[in-house]
Number of protein chains: 2
Amino acid sequence: MAGNRAPTIYDVARRAGVAASTVSRAFSRPGRVAAGTADRIRAAATELGYRTNPVARATATGRTSMIALIVTDVTDPATAELLRGAQEAAGAAGFTTVVSDAQDDGVPQREALERALSTVDGAVVAAPHAPDTALRSLVAQRPAVLLDRMLDGLPSVVPDIADGMRRLMAHLGELGHEMVTYVAGPADAWADGMRRRGLRQAGCEYGVQSRRIGPFPATIAGGMTAAGELLRRPTTAVIAYDDLIAIGLIRALSARGILVPQEVSVVGFGNVAASALITPGLTTVASPLRAMGALGVRNLLGLLDGSGSAASEALPVRLVVRGSTAHRRRNPASAGRGSLIVSGAGSYLPVATL
Amino acid sequence: MAGNRAPTIYDVARRAGVAASTVSRAFSRPGRVAAGTADRIRAAATELGYRTNPVARATATGRTSMIALIVTDVTDPATAELLRGAQEAAGAAGFTTVVSDAQDDGVPQREALERALSTVDGAVVAAPHAPDTALRSLVAQRPAVLLDRMLDGLPSVVPDIADGMRRLMAHLGELGHEMVTYVAGPADAWADGMRRRGLRQAGCEYGVQSRRIGPFPATIAGGMTAAGELLRRPTTAVIAYDDLIAIGLIRALSARGILVPQEVSVVGFGNVAASALITPGLTTVASPLRAMGALGVRNLLGLLDGSGSAASEALPVRLVVRGSTAHRRRNPASAGRGSLIVSGAGSYLPVATL
DNA sequence: TTGAAAGCGCTAACAA
DNA sequence: TTGTTAGCGCTTTCAA
């Protein structure tokens, strides 16, 4: 028995009666080898149980066919969807994915990130709150495309937030709301800036006023905190930075006896699984997460083989209407207890049909 | 300018005035080199911005310092926790993680899995429903440890299901339930068998009868289906195979006007995030997912460097009591039922405690 | 403790 | 179309 090590191209070459380089060609660029020869080689390979060794190939070519998926929180449901899309696209293109959980750029993770980065050809990065500088230093090391965030001229794939905001405003406007409160997410988040801008524009467009509270952390706890502030500044409709905040909001509001959506409508961004599970279901803007992950990878791959442009793309979103939004009440039934309804602003609302 | 390629040990060697092999030693096994020399080398390395090349090292040693995390569903919240724990442990040990989403062993993914497998030193596998044969062929290729599932003598890390069942039974028994219905998960799932066995044992121990319906898919939809069958065979307490089924059950039951927990108590397994979000909150058995992921990796690493045993370990679970369980009603108020529930929207049900 | 030299398995000119 | 021949950057005997 000739040792137990895995067979190499040399073993295959000997058995097929060709040179090792021919075997290499047969696998790395089929077509560059005569059909008959290729058949013999394939036959020999399967007999021997030969499998190409990606590591050896990588040393020789300098390309590993691996890409890093760098995220700040694997446990975030949105991240998971992004990952799935990215993995599918990578797998389809023959690439293996290394996922690195950078956990908000914590110091201990830095080393792991560096390690991961040095073995991949490029990276797809979903790090909504990472500091710009961190991203820049990352991009300096390897080609990368950003997910769910834009930065300078760096290639990225994002949802069309402005359009999402427009749909939200249209929806809320139809329901008779004349003013909405935006519960802001982390101040450094690119998405937060986009939502604010979208809010202003859509507000003009649909004649809906807006004001803002926050920032709050993009978590359920953050939303619960925000609810406190909301109580002091009544409103009939709130747009939360994301689903998690919206969920926290709904929970805290409900706990205090405020009816959602009867007294206040709440909407979010994201359409995470939990938004369909809570009571009432959350009306939200759904980002095409899976598609974003996949497109991010495809764009990165295009960048790597030079066939792609380093452009940014905004993918269409869709409005998912659930139970957390309702028509603005003319006469709040809950007059007795600390209602959230704004009585003022002078104007009586036109009651549209539901 | 000497080209823009990354510096190698040769560059460092020249600058430090030593041989390349000495530089190699300085990084791969410090201590095997004189302190002064090591200092010079380190200095030269940082000046040049040298970083070890993991790929080259891997060709030379045959070990990549990467491990695969093979899962069947990245979007499953439990999987995400497992991943996080595994990643932390791997990172701490200087290992990079490749995650492969095998998606229930679908054919197209097979190739991606093979690719991933051939670049790693070993694998941690969280594939609750994968066929035994798939696991065996996997383990034949690389050392592996199973998560949340046992198979033969393969090393694995699992939760202490029997104990979880005991706690559940004790809890339900205290609440006056004399008979529970177990809503089974996939028949081929190892965990399902364990739950059934645990159920029998704990039933004896606490004098609680049990019967079983199913199997059902371990999804919310599966739970909703199960609810239909449950209606035909009334019960005061149900133990679901997992949280997802339990959630589906609660939703479907509520939608039909059955009060949880007043008319029927429902418990699950897993303590996924959503179980705290639904109304009522789900009483469930929490597995130490993060710890399991981490331990799985550590055990794998032990296996790889020969310092570990190929044993299986069961980690302690804990009972999380929320609003979905209550004392058994003497006289079920089925009279006015249905009218009490506003399906999907109302805030009549008590808001679960977090 | 250090250096010289031979690989690891593959790819990529360059020739034939 | 195929073979020859250098590497890729690192580790690892084996000597010195």
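Both backbone and side-chain heavy atoms feed into the values below; hydrogens, waters and symmetry mates do not.
Evaluation of the ring-ring contact (aromatic ring centres under 6.0 Å, His included) test over residues 50-84 of chain B, restricted to residues two or more places apart or in two chains, returns B/Phe27-B/Tyr50.
By the 6.0 Å contact criterion, CZ on B/Arg136 is enclosed, its count of non-hydrogen atoms from other residues, nucleotides or ligands being greater than 12.
Ion pairing between A/Asp132 and A/Arg149 holds under the 4.0 Å rule for side-chain N and carboxylate O. Taking a cutoff of 4.0 Å between a charged side-chain nitrogen and a carboxylate oxygen, A/Asp305 and A/Arg63 do not qualify as a salt bridge.
With hydrogens and angles disregarded, a donor-acceptor distance shorter than 3.5 Å links the side chain of B/Arg142 to the backbone of B/Val120. Between the side chain of B/Ser312 and the main chain of B/Leu154, a donor-acceptor pair closer than 3.5 Å is present.
If you check residues 31-42 of chain A against DNA chain D, the residues with a heavy atom closer than 4.0 Å are A/Arg32, A/Val33, A/Ala34, A/Thr37, listed by number.
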>> Please determine whether side-chain contact (heavy atoms from CB on, under 4.5 Å) holds for the pair B/Arg14 and B/Asp11, giving the CA-CA distance in whole Å, both sets of side-chain angles, and the decisive distance to 0.1 Å.
In response: CA-CA 5 Å; B/Arg14 197 171 317 120; B/Asp11 301 317; 3.7 Å; yes
> Could you write nucleotides 6-16 of chain D as a row of B, S and -, 5' to 3', where a protein heavy atom under 4.0 Å of any base atom gives B, of only sugar-phosphate atoms gives S, and otherwise -?
Replying inline: -BBBBBBB---
